[in-house]
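Since the structure is predicted, the reported quantities are computational estimates derived from the model, not experimental observations.
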Amino acid sequence: MGFLSVLSFAHKLTAERLPPGGRAIDATVGTGADTLFLAKAAGPRGGVYGFDIQPQALALAGERLRLAREEAPAALAPVTLLLQSHAAMAEAVPPAWRGTASAVMFNLGYLPAGDADKTIITEPQSTLAALEAALALLRPGGIITAVLYPGHEGGGREAAAVEAWAAGLAQQDAQTIVYRQLQRESAPYVLAVEKKRS
């Protein structure tokens with residue numbers, strides 16, 4: 001049978017907490033795989049915001065969403081793609097979203113498209129700011145998932161910073177877990193944060 005891949009595990013955790021009609025955020029749009037997943041899970045009555053600093057990423061995600069809408073026009077949530085850093089999340093989403101989002105997904109590192117510039121990577125400072133914003137936007141019981149990539153240049157430093165941030169959260173505010181293959185130190189892994197119900 002085997003264990004779930006890190007991406008499948010992040011999707012499983014998110015699907016369990018994102019109801020039809022829910023609100024979700026893709027903090028790192030990339031090629032749009034998570035964006036589409038969130039749009040399907042939230043459904044037509046839900047809403048999704050997506051952030052990326054690369055126009056190429058938004059173009060790839062937009063095309064992926066367009067093709068999915070052609071197949072099933074009424075199945076997806078409305079999606080707003082923003083050419084902005086995820087660090088601007090708190091200001092960019094509507095004020096009414098504060099405390100109501102069910103899920104925020106991060107897939108850190110670089111844009112995995114074949115011709116993309118792999119030197120453009122997510123950075124600890126903006127990622128930590130985005131994680132703080134994400135936690136404030138979550139409803140009680142909502143989840144943040146972050147897929148971390150310690151195997152590329154700068155990835156280990158970012159993964160360590162994200163882990164330290166999560167470990168420092170007060171237990172009465174959130175609980176955190178790590179899903180990781182222990183025999184491969186450089187393998188991608190998932191860190192998840194669930195906001196506690198008040």
Inset, instruction - Mind checking side-chain contact (heavy atoms from CB on, under 4.5 Å) for Glu63 and listing every partner two or more places apart, or none if nothing turns up? - result: Arg66, Leu67

Inset, instruction - Using a cut-off of 6.0 Å, state whether more than 12 heavy atoms not belonging to Gln172 lie near its atom CD. - result: yes

Legend entry - From CD1 (Ile177) to CG (Leu191), nearest 0.5 Å: 8.0 Å

Inset, instruction - For Val104 and Ala27, work out which heavy atoms get closest and say how close. - result: CG1-CB, 4.3 Å

Inset, instruction - Answer yes or no: is there a donor N or O on one side and an acceptor on the other, between the side chain of Tyr49 and the main chain of Arg23, under 3.5 Å? - result: no

Inset, instruction - For the pair Leu7 and Phe37, evaluate side chain to side chain contact (heavy atoms under 4.5 Å, CB included) and give the outcome as yes or no after the intermediate values. - result: CA-CA 11 Å; Leu7 295 175; Phe37 163 76; over 6 Å; no

Inset, instruction - Check the side chains of His86 and Asp52 for a donor-acceptor pair under 3.5 angstrom, ignoring hydrogens and angles. - result: no

Inset, instruction - Indicate yes or no for a side-chain donor-acceptor contact from Thr14 to the backbone of Ala10 under 3.5 Å, with no hydrogens or angles considered. - result: yes

Inset, instruction - Give a yes or no on whether the backbone of Gly109 and the side-chain of Thr122 come within a donor-acceptor separation of less than 3.5 Å. - result: yes

Legend entry - Any donor-acceptor N/O pair, Lys195 side chain to Leu135 backbone, under 3.5 Å: yes

Inset, instruction - Give a yes or no on whether a salt bridge exists between Arg17 and Glu194, defined as a side-chain N under 4.0 angstrom from a carboxylate O. - result: yes

Legend entry - OG-NE2 distance between Ser5 and His11, expressed to the nearest 0.5 angstrom: 8.5 Å

Legend entry - Heavy atoms of other groups near Glu16 CD, more than 12 under 6.0 Å: yes

Legend entry - Contact summary for Gly47 and Trp97, nearest pair of heavy atoms: O-CH2, 3.4 Å

Inset, instruction - Determine whether more than 12 heavy atoms belonging to other residues, nucleotides or ligands lie under 6.0 Å from atom CD of Glu91. - result: yes

Inset, instruction - Give, for atom CG of Leu111 and atom OG1 of Thr31, the distance between the pair rounded to the nearest 0.5 Å. - result: 7.0 Å

Inset, instruction - Could you tell me whether the side chain of Lys196 and the main chain of Ala174 form a donor-acceptor pair under 3.5 Å? - result: no

Legend entry - Ser102 (side chain) donor-acceptor with Gly142 (main chain) under 3.5 angstrom: no

Legend entry - Thr127 side chain vs Pro124 backbone, donor-acceptor pair below 3.5 Å: no

Inset, instruction - Would you mind telling me which of Thr35, Leu82, Leu81 makes a side-chain contact (heavy atoms from CB on, under 4.5 Å) with Leu58? - result: Leu81

Inset, instruction - Please examine the side chains of Thr80 and Val48, heavy atoms only from C-beta on, and report whether any two atoms are closer than 4.5 Å. - result: no

Inset, instruction - Taking the side chain as every heavy atom from C-beta outward, state whether Ile144 and Phe106 have any atom pair closer than 4.5 Å. - result: yes

Inset, instruction - Answer yes or no: is there a side-chain heavy-atom contact under 4.5 Å between Tyr189 and Tyr149? - result: no

Legend entry - Interatomic spacing from CG in Leu137 to CE in Met89 - rounded to 0.5 Å: 7.0 Å

Legend entry - Leu60 CG to Leu65 CG distance, which is reported to the nearest 0.5 Å: 11.0 Å

Inset, instruction - Answer yes or no: are there more than 12 heavy-atom neighbours, outside Gln181 itself, under 6.0 Å from its atom CD? - result: yes

Inset, instruction - Step by step, work out the side chain to side chain contact (heavy atoms under 4.5 Å, CB included) result for Val190 and Leu148. - result: CA-CA 6 Å; Val190 177; Leu148 305 166; over 6 Å; no

Inset, instruction - Would you tell me whether Gln56 and Asp115 have side-chain atoms, one donor and one acceptor, within less than 3.5 Å of each other? - result: yes

Inset, instruction - Please indicate whether Glu70 has more than 12 foreign heavy atoms, meaning atoms of other residues, nucleotides or ligands, lying under 6.0 Å from its CD. - result: yes

Inset, instruction - Tell me, yes or no, whether the heavy-atom count around Lys118 atom NZ, taken from other residues, nucleotides or ligands under 6.0 Å, exceeds 12. - result: yes

Inset, instruction - Could you tell me whether Arg157 and Glu123 make a salt bridge, using a distance below 4.0 angstrom between a side-chain N and a carboxylate O? - result: yes

Inset, instruction - Could you check whether the rings of Tyr110 and His152 sit parallel, tilted or perpendicular, using 30° and 60° as the cut-offs? - result: perpendicular

Legend entry - Atom pair CG/CG of Leu128 and Leu131 - distance to nearest 0.5 Å: 6.0 Å

